[in-house]
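See structure below.
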Amino acid sequence: MINHHKIDWVITLLPMLSISGLSALFFIMPEESNSVLSSIRFFFGDTMGTYYLVIGLGIFFISLYFCCSHYGNIVLGDKKEKPRYSFFTWGSMMFTCGLAADILFYSFSEWIVYATNPHISQLGSIQAWAGVFPLFHWSFIPWSFYLVLAVAFGFMIHVRQRKRLRFSEACRTILGRQADGIPGRLIDLLAVFALLAGTATTFSVATPLISIIIQNLLVISLDRNIITIAIIFLTCAIYTYSLLHGFKGISILAKLCIYMFGGLVAFVLLAGGESKYIIETGLESFGRMVQNFISLATYTDPLRETNFPQDLTIYYWAYWMVWCVAAPFFIGNISRGRTIRQVIAGGYFFGVGATLISFIVLENYSMGLQTTGTIDFIAQYAAHGDIYAIIIAMLHTLPLANLATLWVLATMILFYATSFDSIAYTASCYSYKKIESGEAPHKAIQLLWCILLILLPTALVFSDSSMSNIQTVSIIAAFPIGIIMLMIIWSFWKDVNKYLS
């Protein structure tokens with residue numbers, strides 16, 4: 001039975017009712033809803049865009065400071081405690097909790113978006129720059145969001161042994177008693193809304209690709225939206241089943257996902273016929289990204305010649321910010337026994353490393369076909385703008401195309417399931433006023449959040465929202481989250497200095 005006195009019904013029910021109402025509006029008035037989203041995106045993404053860029057670069061430097069300074073020696077737990085999970089298991093859960101199936105969707109296709117953007121022609125050739133921005137947008141800065149907050153939450157949970165697993169609790173050092181008052185409640189509500197916005201964006205971006213894969217493999221003519229909704233519910237069923245079996249189920253699913261993902265990347269690299277191009281272009285793109293890192297992170301396009309940072313960089317930073325409500329809590333939770341240095345350095349090694357491998361191999365495979373004139377993906381994109389169909393065309397160029405496509409389908413579903421395991425678990429913890437160390441949220445509360453997470457993405461699919469409007473949901477939610485992230489870091493810095501004094 002649920003102990004009703006332990007449940008924070010405001011944090012549980014208010015977001016549920018609000019998201020249900022918002023989902024209904026998207027379903028009933030899709031055109032009006034999309035119009036409002038477009039207007040709001042302009043304000044946050046264009047007028048306030050520099051805000052996201054400054055936070056991104058600032059937190060990256062903070063992560064390096066915490067890793068390389070004396071703070072890096074602090075153990076998240078007892079001083080002589082050993083890590084609970086092996087490095088591979090820990091890295092697998094960390095990597096899969098924060099990326100979902102988006103990594104495959106974007107790894108295959110993102111270079112085309114850049115190749116057709118006027119900013120690339122300003123910088124130079126497609127060969128030189130189209131592969132650089134995917135590495136930049138998915139590596140060090142966004143992962144620094146996760147890792148800095150993960151050590152803050154890990155310190156709060158394992159060292160200070162706090163019982164409230166929420167953003168407000170992570171701000172207690174600077175908020176004091178107000179962490180339990182209206183400011184704390186507001187912080188937690190904003191966090192939950194951002195969490196739901198992030199899941200909506202993730203589901204809405206990549207699930208259509210799964211739908212098209214199923215249509216192609218099974219040669220069926222069902223409406224794409226119907227298949228997409230079915231995929232969302234199937235994924236919900238998988239991650240619900242895994243979550244209800246606790247961390248053991250999550251770790252098993254995460255490792256299976258990593259094996260599937262690694263097998264796919266190895267197959268494309270070794271059997272696709274573009275190995276030499278992939279390795280050489282990937283190394284060159286990585287070098288160019290590192291060499292131009294600061295200029296890429298601070299480019300604002302003040303004259304709005306291409307709106308490149310407003311349309312892309314700012315969206316990505318916002319997208320990762322809203323995922324910071326769940327992923328860092330989960331990473332901090334599984335990092336007991338590791339030092340702050342091990343979490344940050346290990347996170348960059350495993351998280352960023354695996355992400356870079358995915359983009360280098362999968363994007364450069366199709367770029368290689370483009371540059372050799374084997375197939376013109378850019379012309380196809382210019383003709384009809386359907387990025388999902390282009391990814392299918394890319395998969396069909398692989399040996400054993402149907403098997404490779406099926407492998408991508410299974411891997412994407414596993415990525416979704418493992419990512420939403422961590423999200424649903426974190427959201428379930430938010431429902432509790434206090435939760436003891438080692439205590440798991442009640443299964444009914446976990447089930448409630450598993451269902452709640454799919455409402456808004458389902459509504460976005462039915463409303464036929466454009467990619468821009470889907471991205472707007474994250475940009476809006478990320479604005480207050482950026483401020484809260486800085487509060488958490490400040491609070492952690494003050495608390496850790498007390499601990500060391």
Side-chain angles (χ1 to χ4, degrees), residues 31 33-58 60 102 105-106 109-139 141-142 145 197-198 200-202 204-205 285 288-289 292-322 359 363 377-388 390 460 464-479 481-482:
E31 293 183 6
S33 300
N34 289 332
S35 176
V36 171
L37 282 178
S38 297
S39 300
I40 297 175
R41 176 178 180 140
F42 178 81
F43 173 75
F44 282 107
D46 188 280
T47 307
M48 303 298 295
T50 302
Y51 161 84
Y52 298 91
L53 299 179
V54 170
I55 288 179
L57 188 59
F60 170 69
D102 288 8
F105 169 75
Y106 285 109
S109 65
E110 193 172 359
W111 72 269
I112 296 179
V113 176
Y114 299 122
T116 55
N117 191 288
H119 183 53
I120 295 298
S121 60
Q122 290 179 340
L123 293 172
S125 67
I126 291 174
Q127 169 64 29
W129 287 98
V132 172
F133 284 100
L135 304 186
F136 172 67
H137 285 151
W138 288 80
S139 59
I141 286 181
F145 297 163
T201 303
T202 298
S204 303
V205 165
S285 295
R288 187 170 283 112
M289 186 265 289
N292 295 275
F293 186 82
I294 299 299
S295 61
L296 294 175
T298 56
Y299 176 60
T300 61
D301 189 16
L303 300 181
R304 300 298 188 268
E305 294 175 329
T306 64
N307 284 304
F308 182 89
Q310 289 74 29
D311 292 340
L312 293 163
T313 305
I314 289 167
Y315 157 65
Y316 280 114
W317 288 186
Y319 178 46
W320 285 75
M321 283 181 189
V322 294
F359 277 92
E363 77 175 4
F377 296 113
I378 295 176
Q380 292 181 20
Y381 183 69
H384 53 72
D386 189 347
I387 197 69
Y388 301 105
I390 291 174
L460 286 171
D464 288 323
S465 293
S466 67
M467 184 70 77
S468 175
N469 288 340
I470 291 171
Q471 294 172 350
T472 301
V473 174
S474 286
I475 292 175
I476 296 169
F479 189 83
I481 292 301

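Numbers here are sequence positions counted from 1. Every heavy atom of this structure was used, including side-chain atoms; hydrogens, water molecules and symmetry mates were not.
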Side chain to side chain contact (heavy atoms under 4.5 Å, CB included) partners of Phe308, counting only residues at least two apart:
Tyr114, Asn117, His119, Phe133, His137, Tyr299, Thr306, Leu312, Thr313
Between Ala115 and Ile378 the two heavy atoms that sit nearest each other are CB-CD1, 3.9 Å
Minimum-distance pair of heavy atoms, taken over all atoms of Ser109 and Ile387
CB-CG1, 3.5 Å
If every non-hydrogen atom of Arg288 is compared with every non-hydrogen atom of Ala128, which pair is closest and at what distance?
NH1-O, 2.9 Å
The side chain to side chain contact (heavy atoms under 4.5 Å, CB included) partners of Ala382 (sequence neighbours excluded) come to none
Find the distance between CG (Asp301) and CG (Asn307) and round it off to the nearest 0.5 Å.
6.0 Å
Would you check, one step at a time, whether the test side chain to side chain contact (heavy atoms under 4.5 Å, CB included) holds for Tyr52 with Tyr315?
CA-CA 9 Å; Tyr52 298 91; Tyr315 157 65; over 6 Å; no
Using the test side-chain hydrogen bond (donor to acceptor under 3.5 Å, both in side chains), find all partners of Trp317 that sit at least two apart in sequence or belong to another chain.
none
Report the residues that fulfil ring pair (Phe, Tyr, Trp, His ring centres under 6.0 Å) with Phe359, sequence neighbours left out, ordered by chain and then residue number.
Trp138
Please test Thr298 against Leu53 for side chain to side chain contact (heavy atoms under 4.5 Å, CB included), starting from the C-alpha separation and ending with a verdict.
CA-CA 7 Å; Thr298 56; Leu53 299 179; over 6 Å; no
Is the Tyr381 to Phe377 ring centre distance short of 6.0 Å?
no
Trp129/Asn292 under side chain to side chain contact (heavy atoms under 4.5 Å, CB included): CA gap, chis, key distance, verdict
CA-CA 11 Å; Trp129 287 98; Asn292 295 275; 3.8 Å; yes
When rounded to the nearest 0.5 angstrom, what distance separates CD1 in Ile390 from CD in Gln380?
5.5 Å
Contacts of type side chain to side chain contact (heavy atoms under 4.5 Å, CB included), residue Ala297, not counting sequence neighbours:
Leu57, Phe136, Ile141
Looking only at heavy atoms, the pair that brings Leu296 and Met289 closest together is CD1-O, 4.1 Å
How close do Gly131 and Glu363 get, counting heavy atoms only, and between which atoms?
O-OE2, 3.1 Å
